[in-house]
Amino acid sequence: MTAQHPEPSPRPAPPGALPGDLRASHDDREAVVEQLRDAAAEGRIDLDELDARLERALTSKTHNELAVLTADLPSGHSPASRSPLVVAGGTFGASRGPERWEVPGHVIARGGVGGVKLDFTRVECRLKEVAVEAYGEISGVTIVIPDAWAADTSGMDPGFGGLTDKTTPDRLPGTPLIRLTGSGGAGGVVIRHPNRRERRKLDSNSLKS
């Protein structure tokens, strides 16, 4: 009969070490990164401050160093549990992008009378999927995604205005999938990659940065 050896006890912390002095793991750093991204999406910190804090988070070595970065923030929530971002066209229209903006896991676009445009071409997004509900209503919704991203429009109701999908199925590893649902309404919904004018503007902005 084989003798059973007791499982080793967890290694104790070094004598005199406080919990915050312990070394942080990759998972610890990644959890702080997600909390910072959530805070930026909620408008608690701007994108410049997000970049600065992310850089410090990725190079932090202890729990104390990580704790400083989130001390003024509420506990983090996953993108799936956050309230959706609602962009409503109203009377005069509304847009998000092409400037940089933090993308949550769920976006609702309502075309209204003025229409809505969602432009993802300059965003930084590490989510595997982004759920977009688009309701064309009267003036429609236009969604622009980078060439490397793909879209699943199988859950979309075209309505009277219809659904126009000009995206390609090509998708680079590590990029999000836009899962589109909703209704075209009277104004319709368009999802596409950048057009020539938008590409020229993107190239111009790349040269300036």
Side-chain angles (χ1 to χ4, degrees), residues 33-58 69 72-73 76-80 82-137 139-151 164-168 171-172 174-180 182 187 189-209:
V33 166
E34 290 302 316
Q35 185 175 351
L36 292 171
R37 291 183 180 278
D38 288 351
E42 294 166 354
R44 300 182 189 276
I45 57 177
D46 61 32
L47 291 177
D48 289 336
E49 189 173 5
L50 172 64
D51 288 340
R53 293 197 190 196
L54 288 179
E55 184 176 355
R56 290 174 60 189
L58 294 173
L69 301 176
D72 59 347
L73 301 175
H77 303 282
S78 67
R82 287 207 309 260
S83 298
L85 169 66
V86 179
V87 183
T91 303
F92 302 103
S95 65
R96 185 56 65 99
E99 70 281 351
R100 292 173 60 195
W101 55 289
E102 188 70 14
V103 179
H106 189 185
V107 182
I108 300 175
R110 297 187 176 278
V113 176
V116 163
K117 183 176 182 180
L118 299 177
D119 190 334
F120 293 88
T121 53
R122 294 192 65 192
V123 303
E124 296 178 6
C125 181
R126 295 187 180 182
L127 298 172
K128 293 181 179 179
E129 289 189 6
V130 177
V132 177
E133 289 183 54
Y135 300 95
E137 297 181 342
S139 293
V141 174
T142 298
I143 304 164
V144 185
I145 64 174
D147 293 325
W149 295 20
T164 302
D165 182 356
K166 296 183 178 180
T167 62
T168 64
R171 179 186 175 196
L172 290 182
T175 60
L177 172 72
I178 298 293
R179 195 170 294 281
L180 185 63
V189 172
V190 176
I191 184 166
R192 58 175 175 78
H193 297 299
N195 57 31
R196 291 182 180 179
R197 180 181 59 81
E198 291 163 338
R199 290 181 192 279
R200 285 197 298 268
K201 189 170 183 179
L202 286 170
D203 291 341
S204 175
N205 289 331
S206 298
L207 291 174
K208 293 177 182 178
S209 59

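Checked options Val132, Val144, Leu85; the residue passing with Leu118 is Val132 (criterion: side chain to side chain contact (heavy atoms under 4.5 Å, CB included)).
Listed for the Thr167 side chain is no donor-acceptor partner under 3.5 Å among the backbone atoms of Ala151. With hydrogens and angles disregarded, a donor-acceptor distance shorter than 3.5 Å links the side chain of Arg53 to the backbone of Leu69. Arg110 places no side-chain N or O within donor-acceptor distance of the main-chain N or O of Tyr135, the cut-off being under 3.5 Å. Glu133 contributes no side-chain N or O that, together with a main-chain N or O of Ile108, makes up a donor-acceptor pair within less than 3.5 Å.
Val87 is not listed as a side-chain neighbour of Lys117, based on a closest heavy-atom distance of 4.5 Å or more. Contact of the Arg37 side chain with the Leu54 side chain is registered, since non-hydrogen atoms from C-beta on lie closer than 4.5 Å. Counting heavy atoms from C-beta outward, Val130 and Cys125 have side chains that approach closer than 4.5 Å.
A donor and an acceptor atom, one from each side chain of His193 and Glu198, are nowhere located under 3.5 Å apart.
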**OP:** Report the C-alpha separation of Asp147 and Trp149 in whole Å, then their side-chain angles, then the decisive distance to 0.1 Å, and conclude whether the side-chain contact (heavy atoms from CB on, under 4.5 Å) test is met.
**Re:** CA-CA 6 Å; Asp147 293 325; Trp149 295 20; over 6 Å; no

**OP:** Start with the C-alpha gap between Glu99 and Leu47, add the side-chain angles, then the distance that decides, and say whether side-chain contact (heavy atoms from CB on, under 4.5 Å) holds.
**Re:** CA-CA 11 Å; Glu99 70 281 351; Leu47 291 177; over 6 Å; no

**OP:** Start with the C-alpha gap between Lys201 and Asp119, add the side-chain angles, then the distance that decides, and say whether salt bridge (Lys or Arg N to Asp or Glu O under 4.0 Å) holds.
**Re:** CA-CA 13 Å; Lys201 189 170 183 179; Asp119 190 334; over 6 Å; no

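Distance check: Glu49 CD to Leu36 CG gives 9.0 Å after rounding to the nearest 0.5 Å. Separating the CG atom in Leu177 from the CG atom in Leu127 is a distance of 11.5 Å, to the nearest 0.5 Å.
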